[in-house]
Amino acid sequence: MRASLSIAVLAFGAAVSLSACSKAPESSGSGDSGPAAAPPAAAPAAPEMTDAEKQAVLAALPAPYNTGNLENGRKQFALCRSCHNITPGGPNMTGPNLYGVFGRKAGSHEGFKYSDALKNAGFVWDAEKLDSWLTNPQSFLPGNRMTFVGVKDPQKRIDLIAYLKVESGYKPPE
Ligand code: HEC
């Protein structure tokens, strides 16, 4: 269901002209000289989420994170990439894999040796917790081992959290 919906969204331009055709099957179409060219082949590099799906994930965040700029968030994630992978089943690096981090208990990703501080933190990651963590990991959770000064600009954190939510595989409830 979702897949065919995505395809419909992707092929939006084509779908519009198709449905126009199917609504008037007996029309000769003689006066119909629409743009003839094939749809631009914007071949996605990977089986990506559609923009509509990304927007749905974004909308599921509480304000102000639902206003995050995903493209800028992707750029901000460059600060994290040296230590974190965010693909499904991806490796733990210096830091744990972040796929699925939303809704995950802090310090609980399999196969990663966390500090006691993170292991015993006793909360579940959500946008607000990530915001506090990313502002200054050491003052938020003293004794943890993430060697990172933090992201001081609130807007950059909002964009980063929006990006993390979309990229870490969060699915909004149907
Ligand atoms: C220098 C390496 C390094 C960088 C850079 C870094 N991290 Fe980390 N991160 C770690 C380590 C190590 C831990 C585990 C800390 C511990 O066990 O105390 C961690 C833990 C985390 C956790 C907790 C995960 C869990 O499973 O509970 C989150 C979330 C996180 N990092 C997000 C980020 C984000 C987002 C960035 C970029 C803005 C970032 N980190 C940058 C090394 C890093």
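Nothing here was measured: the structure is a model prediction, and the numbers come from that model. We count ligands from 1, going down the list as the structure has it; atoms in each ligand are counted the same way.
The aromatic rings of Phe140 and Trp133 lie perpendicular to each other, with more than 60° between the two planes, well past the 30° mark.
Lys152 NZ: more than 12 foreign heavy atoms inside a 6.0 Å radius. Annotation: Lys156, atom NZ; neighbour count of heavy atoms from other residues, nucleotides and ligands within 6.0 Å does not exceed 12. Sparse packing is recorded around CD of Glu110, with 12 or fewer heavy atoms of other residues, nucleotides or ligands lying under 6.0 Å away.
The contact set between ligand 1 and Thr147, taken as ligand atoms under 4.0 Å from a residue heavy atom, comprises 1 (C). Atom numbering of ligand 1 starts at 1 in the shown order; those under 4.0 Å from a heavy atom of Gly107 are 25 (C), 26 (O), 27 (O). Within the listing of ligand 1, atoms 27 (O) sit less than 4.0 angstrom from a heavy atom of Ala106. Within ligand 1, the atoms closer than 4.0 Å to a non-hydrogen atom of Asn144 are 18 (O), numbered from 1 in the order shown. Interface of Arg145 with ligand 1, defined as ligand atoms under 4.0 Å from a residue heavy atom, comprises 12 (C), 15 (C), 16 (C), 18 (O). Atom numbering of ligand 1 starts at 1 in the shown order; those under 4.0 Å from a heavy atom of Trp125 are 23 (C), 24 (C), 25 (C), 27 (O).
Nearest to atom 14 (C) of ligand 1 among the protein's heavy atoms is Phe112 CE2, 3.7 Å. From the protein, the heavy atom lying nearest to atom 29 (C) of ligand 1 is Leu130 CD2, 3.5 Å. Looking only at protein heavy atoms, the nearest one to atom 5 (C) of ligand 1 is Leu79 O, 3.3 Å. Atom 17 (O) of ligand 1 has its closest protein heavy atom at Ser115 N, 2.8 Å.
If you look at atom 8 (Fe) of ligand 1, the protein N, O or S atoms less than 2.8 Å from it are His84 NE2, Met146 SD.
Residue Trp133 holds the heavy atom nearest to atom 30 (C) of ligand 1 of all those in Tyr114, Trp133, Phe123.
Between the side chains of Asp159 and Gln155, at least one donor N or O sits under 3.5 Å from an acceptor N or O.
Geometrically, ligand 1 and Thr94 share no nitrogen or oxygen pair separated by less than 3.5 Å. Looking at ligand 1, you won't find any N or O of Ser82 less than 3.5 Å from one of its N or O atoms.
Ligand 1 lies out of reach of Ala117, whose nearest heavy atom is not under 4.0 Å from it. Using 4.0 Å as the threshold, Leu160 has a heavy atom nearer than that to some atom of ligand 1.
Aromatic ring centroids of Tyr163 and Phe102 lie 6.0 Å or more apart.
Lys165 forms a cation-pi arrangement with Tyr170, by the criterion of a distance under 6.0 Å to the ring centre and an angle within 45° of the ring axis.
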For a side chain to side chain contact (heavy atoms under 4.5 Å, CB included) check, start with the C-alpha distance between Val151 and Thr135, then their side-chain angles and the critical distance, and finish with the verdict. CA-CA 5 Å; Val151 178; Thr135 304; over 6 Å; no
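Here Arg104 has side-chain heavy atoms under 4.0 Å from ligand 1, and that is the only part of it that gets that close.
If you take OH on Tyr65 and CD on Glu128, they are separated by 5.0 Å, rounding to the nearest 0.5 Å.
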